[in-house]
Structures are given as structure tokens and as C-alpha cells.
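Below is one structure, written out as C-alpha cells, with a few remarks after it.
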Amino acid sequence: MRIARFSLDGNVAFGVVEGDAETEGGPVLDIIKGHPFAEFERSGQKLPLSKVRLLPPVLPNKVVAIGRNYAEHAKEMGNEVPDAPVVFFKPSTSVCGPHDPVTYPSFSSEVHYEAELAVVIGRLCKDVPRERVHDVILGYTCGNDITARDIQRAESQWARAKGFDTSCPLGPWVETELDASDLGVMCTVNGEQRQLGRTSEMVRSIEDLVVHITEAMTLLPGDVILTGTPAGVGPLGIGDEVAVTIEGIGTLTNKVVKRD
């Protein structure tokens with residue numbers, strides 16, 4: 001099930017996406033009653049997907065991100081695979097949605113894309129045992145851990161490098177029925193392929209990450225875990241269109257713009 005968050009005429013709601021580009025009339029949204037973090041009903045009121053604005057599929061309290069979780073990416077950055085997961089945060093204010101502009105930060109001259117599988121948490125959880133990990137996951141979406149690489153190199157903490165406004169595009173929706181253990185992850189810039197990997201190449205699995213993170217902190221419904229990026233990261237320029245495509249989910253597209 002694909003669950004999207006959208007706005008229409010100033011009203012925000014969730015809906016189930018039905019159909020695809022091949023469907024006559026295109027995909028539609030069946031508006032749901034309530035929200036996806038509890039049992040809900042479909043209203044039967046349907047809207048063409050083309051008539052609404054897709055928003056970030058969730059508004060996370062926090063985005064917990066993982067660094068160097070693909071060996072080839074660690075290597076291309078001149079790093080070893082760490083003994084323990086590298087965990088950092090992106091603030092809620094970094095989140096933007098499909099087709100939202102990514103604003104090039106004024107304090108950086110080297111901004112990179114990082115295509116990632118994003119895990120969306122479905123219920124409050126702490127100290128999750130490995131066998132219960134999938135019980136706390138609502139589903140999966142596409143993420144882009146956009147990074148001011150020059151600032152990351154210059155500053156020992158990554159808060160500015162990875163936490164600036166619009167540095168965390170998410171979308172286009174949450175796919176709730178998916179085996180995420182071996183999915184293709186691709187990034188293109190202006191239609192040219194830049195990254196191509198598979199989630200099976202992650203050093204630490206989704207189960208490993210949820211167990212590790214929840215040993216330390218409580219995750220809330222709507223929180224997001226970014227699981228790391230494959231090799232092939234590189235620069236973005238103003239005017240570039242960057243797209244993250246994950247098998248079984250869809251494509252998240254954003255354009256880089258100059259800060260006003």
C-alpha cells in the first residue's frame with residue numbers, strides 16, 4: 001500500500017495511492033479517515049494524483065541518519081567501514097517533499113547528493129528486539145541525504161553540513177508492503193545515472209540499525225531512519241534536477257535553486 005500526504009486548497013490529508021502512470025486517467029488518491037499511524041478507513045473519496053501537491057510523506061520528530069553503511073561509499077570517501085554504525089541527526093526543518101526546491105546553502109561551495117532508503121517508524125518504540133523490528137516499521141520511502149561536503153570536512157560535527165534547510169528530501173510516498181532487504185537504489189542528476197546500488201550491500205541491515213538506535217533512544221511514529229548511501233556521490237549545482245529512485249517505491253525528484 002502506498003500512503004501519500006498531500007495538500008489541496010490549503011487542506012492537508014493522507015491518501016492511498018491507487019494505480020500508476022499506465023492506469024487510464026492516471027493514479028488517484030483515496031483519502032483516508034485519520035492518519036496512517038493507527039487503524040484507518042478509506043473514505044472512498046478519490047482525487048486524481050495530478051490535481052494535488054504531494055508533501056513529505058511524514059513530518060518526523062527526528063531523522064536518524066547512518067553514515068558509511070555501504071563499504072564502497074566508505075572507500076570512496078577515504079574511510080574504513082566503522083566498527084559501530086555512525087549515527088547523526090538531521091532536524092525536522094531539513095525535511096522537504098517531492099518537487100520541492102532544494103536551496104543551495106550560502107555557506108557552502110560543494111553540495112553533494114546521497115540517495116538512500118528511508119525507513120518510516122510506525123509506532124512508539126524503545127529497546128526493540130531484532131525479531132520485533134518489522135512490527136515497528138510503517139514502511140519505506142526514498143530519501144536524499146544532501147550534504148555540504150566542504151563543511152562536513154571542515155567541522156567535526158555534521159550539524160550544519162547535513163542539517164541545513166531542505167537538505168532532507170523525502171517521498172514521494174510510504175510503501176507499506178515491501179521486503180526492503182534487496183532493493184535497487186539509483187540516483188540521477190539531469191537524467192544521467194550517478195549512483196546505482198542495492199540495499200543488500202548495506203554493511204548493517206535495517207534490523208541491525210533499529211536495534212542499535214533504539215538501545216539509546218525512543219523512536220516516535222513518523223520518525224525516519226536514513227540507512228546510508230551507495231558509492232557514486234558527487235556534486236550538485238544550481239539548476240540541477242536530482243532524482244532518487246528505489247525499486248518497489250518510486251522516484252523522488254527535486255531541483256536545486258539559488259538562495260534568495
Side-chain angles (χ1 to χ4, degrees), residues 1-8 11-61 63-64 95-100 115-125 128 131-144 168-186 198-200 205-207 209-210 219-227 243-253:
M1 182 183 298
R2 294 173 292 168
I3 300 177
R5 181 171 163 268
F6 67 94
S7 68
L8 179 67
N11 297 308
V12 176
F14 289 94
V16 175
V17 181
E18 299 177 346
D20 52 32
E22 306 298 320
T23 306
E24 184 178 353
V28 298
L29 278 166
D30 189 344
I31 300 173
I32 69 174
K33 299 177 181 179
H35 58 76
F37 303 107
E39 290 188 12
F40 64 83
E41 297 179 5
R42 302 190 191 198
S43 68
Q45 180 183 354
K46 299 184 179 183
L47 298 168
L49 190 65
S50 60
K51 299 298 184 182
V52 306
R53 177 191 171 200
L54 286 179
L55 303 173
V58 290
L59 286 179
N61 174 271
V63 177
V64 186
V95 172
C96 62
H99 302 291
D100 285 345
E116 310 205 8
L117 174 72
V119 179
V120 179
I121 299 300
R123 62 179 67 178
L124 184 148
C125 58
V128 180
E131 63 272 15
R132 295 291 305 277
V133 164
H134 290 282
D135 294 341
V136 306
I137 293 174
L138 174 66
Y140 306 90
T141 192
C142 304
N144 195 342
C168 189
L170 296 173
W173 40 64
V174 177
E175 174 56 70
T176 65
E177 299 169 11
L178 187 67
D179 178 355
S181 61
D182 186 27
L183 302 176
V185 179
M186 181 175 68
R198 301 198 68 82
T199 57
S200 55
S205 68
I206 292 166
E207 292 84 358
L209 297 177
V210 172
L219 295 177
L220 303 177
D223 281 352
V224 169
I225 299 172
L226 294 180
T227 57
V244 175
T245 299
I246 299 182
E247 183 181 359
I249 300 175
T251 299
L252 166 69
T253 303

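For the pair Val174 and Pro57, the tightest heavy-atom approach, listed with the atom from each and the gap, is CG2-CB, 3.7 Å. When all heavy atoms of Gly143 and Leu170 are compared, the closest pair comes out as CA-CD2, 4.0 Å. Contact record, Glu175 with Gly248: CG-O, 3.6 Å, taken as the closest heavy-atom pair. Scanning both residues, Pro27 and Val17, for their nearest heavy atoms gives CB-CG1, 4.3 Å. When all heavy atoms are compared, the tightest approach of Ala4 to Pro172 is CB-O, 4.4 Å. Counting all heavy atoms, side chain and backbone alike, Gly171 lies closest to Leu252 at O-CB, 3.6 Å.
Under the salt bridge (charged side-chain N to carboxylate O under 4.0 Å, His left out) criterion, Asp20 pairs with no residue at all, not counting sequence neighbours. Under the salt bridge (charged side-chain N to carboxylate O under 4.0 Å, His left out) criterion, Glu247 pairs with Arg198, not counting sequence neighbours. In this structure, the salt bridge (charged side-chain N to carboxylate O under 4.0 Å, His left out) partners of Lys46, at least two apart in sequence or on a different chain, are Glu18. Residues that satisfy the side chain to side chain contact (heavy atoms under 4.5 Å, CB included) test with Arg5, not counting sequence neighbours, are Val12, Phe14, Leu55, Pro56, Leu59. For Phe37, the ring pair (Phe, Tyr, Trp, His ring centres under 6.0 Å) criterion is met by His35, not counting sequence neighbours. Under the rule for a side-chain hydrogen bond (donor to acceptor under 3.5 Å, both in side chains), Ser7 has no partner lying at least two apart in sequence or in another chain. Scanning for side-chain hydrogen bond (donor to acceptor under 3.5 Å, both in side chains) contacts around Ser181 gives Asp179, with sequence neighbours left out. Residues that satisfy the salt bridge (charged side-chain N to carboxylate O under 4.0 Å, His left out) test with Arg53, not counting sequence neighbours, are Asp100. The side chain to side chain contact (heavy atoms under 4.5 Å, CB included) test applied to Pro60 returns Val58, Val63, Val95, Asp223, Val224, not counting sequence neighbours. Legend: residues meeting side-chain hydrogen bond (donor to acceptor under 3.5 Å, both in side chains) with Thr251, ordered by chain and number and at least two apart, are Thr245.
Panel note: side chain Ser43, backbone Ile32; no donor-acceptor pair is recorded below 3.5 Å.
Note that CD1 of Ile137 and CG of Leu178 are 10.5 Å apart. Values are rounded to the nearest 0.5 Å. The CZ atom of Phe6 lies 5.5 Å from the CG atom of Leu47; values are rounded to the nearest 0.5 Å. Ile246 CD1 to Thr199 OG1: the interatomic distance, rounded to the nearest 0.5 Å, is 8.5 Å. Separating the CG atom in Leu138 from the CZ atom in Arg123 is a distance of 10.0 Å, to the nearest 0.5 Å. Note that the CG atom of Leu220 and the CG atom of Asn61 stand 5.0 Å from one another [nearest 0.5 Å]. For the atom pair Arg2 CZ and Thr141 OG1, the distance stands at 12.0 Å (nearest 0.5 Å).
With a 4.5 Å cut-off on side-chain heavy atoms, Glu207 and His134 count as touching. Side-chain contact between Ile225 and Ile206 is absent, with no heavy atoms from C-beta onward closer than 4.5 Å. Side-chain contact between Trp173 and Leu49 is present, with heavy atoms from C-beta onward closer than 4.5 Å. Using a 4.5 Å cut-off on side-chain heavy atoms (C-beta onward), Glu116 and Val185 make no contact.
Residue pairs meeting the salt bridge (charged side-chain N to carboxylate O under 4.0 Å, His left out) criterion with at least one member in residues 28-40, sequence neighbours excluded, are Lys33-Glu41. Sorted by first then second residue, the salt bridge (charged side-chain N to carboxylate O under 4.0 Å, His left out) pairs that include residues 132-143, not counting sequence neighbours, are Arg132-Asp135.
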Verdict with reasoning, Ile3 to Phe40, per side-chain contact (heavy atoms from CB on, under 4.5 Å): CA-CA 12 Å; Ile3 300 177; Phe40 64 83; 4.1 Å; yes

